[in-house]
Amino acid sequence: MLDPQLLRNELEQTAAKLAHRGYQLDVAAWQALEQSRKAVQLETEALQNKRTTISKSIGQAKGRGEDVQPLLDEVAAIGQSLDESKEQLKTILAQMDEVILFTPNLADDSVPLGKDEDDNVEVRVWGEPQTYDFDVKDHVELGEHNKGLDAESAANLSGSRFTLLTGEMAQLHRALAQFMLDKHTQSHGYKEFYVPYLVNAQTMQGSGQLPKFADDAFITEDERYLIPTAEVPLTNLVADTIIDEAELPIKMTAHTPCFRREAGSYGKDTKGMIRQHQFEKVEMVQIVHPDKSFEALEEMTGHAEAILQDLGLPYRVIVLCTGDMGFSATKTYDLEVWVPAQNTYREISSVSNCVDFQSRRMKARFRSPEVKKPQLVHTLNGSGLAVGRTLIAVLENYQQADGSVLVPEVLQKYMAGKTVINLASA
RNA sequence: GGAGAGUUGGCCGAGCGGCUGAAGGCGCUCCCCUGCUAAGGGAGUAUGGGUCAAAAGCCCAUCGAGGGUUCAAAUCCCUCACUCUCCGCCA
């Protein structure tokens, strides 16, 4: 949620910045709302004050044993207009909420202007894509041996966009998640969490998934939502709290399944396990002092990169342009890993600084000894990494001519020492 | 699933129609006193919003959430959420 003061004092500039993100704020309509809000709120509060004052004097008069009828007559007149005024104010505030809850965060000034993913800017490249002296197979082919990766069975069980992993493939998948968690907790200073996978509507709103993206989430009969990312429960842990400044930064990580409807993605990435309704992810979340959030963004991006580097997977870092960023973010880096079969880089991680956008929605604040008032924290989140996509990257980048796959060294201890998996011979 | 008890400020806890944004205690901050330590005395200490160029001031809201009764609700009524205890069921 944007700072309401921005929409009051710098409306034109704010609208211009929102336009960069492809969001048109109806400035005139907003101004009209704001004007009536002010008028109606003032009137409501004045009436309220008047009534309270008289009510108190009724109490006092009664205490002295005086006749209170004149006062009762006086207050009777207030009732109706107060009710009307309150109702009016409620309507106006609801309309304003409607606008503000659907308005995305502002992009940081350092973010390149642009319309869509074609305008994203490459920041750096790490590693050298390997050349193969044989025809490279994609992860689907590599996984099909002995049904290590079985889309058909998954489809029978659940429908499209699900995957079943078996044997060494499932083991490798687990190894990846284990490795990532260990790295973040042991080397990067994150605390590990096990979180609920079902959350309520308020939690989804706190991190920005609701109300705008209701169609992207699975909802249960009792109106809970399957988490689309561990960012949702982790970030909301500080909802409605006032943290001691000394406790910042808070660094959290969790390995969870993620559930997404993928409502708008018909026909995209239908082959293999690139885009699924259910996938695993190790997520990083940081709650930081507002002065430190951009620093933390770089650090977190580095934490995600470290996983890819340890796995020896070539990747590049791009900064998303204004038009391609997510709703809550003010700046986002994507990590894209090399996918040999597609001869291109594909997104494997997204690291965002949301500044105070989520914390304002969640009322997540901190108190510092110098400042009397509680201040909003800044929140960041990043994948470290998407496990399924990392599995794909490992399979394809470590494949050999015979269809076997070498196990990256850092994973071997999670694979009972195996150095190669050969599903065909399993 | 059944029965009961609860939810008040950073924490504990009183209040059960008006003088209560809320006693008292703990904690914290500042001051005084005390040659250390311990103890003592005094003052202060919720959050959000509005008004304002801003501050001060003033106003409004908030005692789990939402609604209702009333001139007036932390206090009465209804609905919901959560916590705890006992019973049942269960990985």
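Here is how names work: the chains are called A, B, and so on, in the same order as the sequence lines, proteins then strands, and each is numbered from 1.
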Item to check | Rounded P spacing from B:A38 to B:U29 in Å | outcome: 14 Å

Next on the checklist: In this structure, how many angstroms lie between the P atom of B:A72 and the NZ atom of A:K50, rounded?
Outcome noted: 15 Å

Item to check | Interatomic distance where CG belongs to A:L72 and C1' belongs to B:A72 [whole Å] | outcome: 10 Å

Checklist entry - Hey, would you say the A:F327 and A:F357 ring centroids sit under 6.0 Å apart? => result yes

Checklist entry - Counting only side-chain N and O atoms of A:Q60, is one of them less than 4.0 Å from OP1 or OP2 of B:G18? => result no

Item to check | Check: A:H289 ring centroid to A:F366 ring centroid under 6.0 Å | outcome: yes

Checklist outcome for this item: Taking a pair to mean Watson-Crick or G-U wobble geometry with both distances below 3.5 Å, B:U75 pairs with none

Item to check | Selected nucleotide, minimal atom distance to A:S55 side chain, candidates B:C71, B:A61, B:G21 | outcome: B:C71

Checklist entry - With ring centroids as reference points, do A:H277 and A:F218 lie under 6.0 angstrom apart? => result yes

Checklist entry - Hey, does A:I54 reach any base, or is it just sugar-phosphate, or nothing, if we go heavy atoms under 4.0 Å? => result nothing

Checklist entry - In whole angstrom, what separates A:L47's CG from B:A61's P? => result 12 Å

Next on the checklist: Taking B:U8 as the reference, what is the distance to B:C84 when you measure between their P atoms (whole Å, please)?
Outcome noted: 14 Å

Item to check | Pairing nucleotide - B:G24, Watson-Crick or G-U, each distance under 3.5 Å | outcome: B:C12

Checklist entry - What heavy-atom pair brings A:I250 and A:V238 nearest, and what distance separates the two atoms? => result CD1-CG1, 4.2 Å

Checklist outcome for this item: On a heavy-atom basis, the closest approach of A:A154 and A:L164 is CB-N, 3.6 Å

Item to check | Nearest-Å distance once atom P is located in both B:A74 and B:G18 | outcome: 10 Å

Checklist entry - Once each nucleotide of nucleotides 45-59 of chain B is scored for protein heavy atoms under 4.0 Å, what B/S/- sequence comes out, 5' to 3'? => result --SSBSSS------B

Next on the checklist: Is it true that A:E231 and A:Q358 share a donor-acceptor pair across their side chains at a distance under 3.5 Å?
Outcome noted: yes

Checklist entry - How about A:F294 and A:H378: are their ring centroids closer than 6.0 Å? => result no

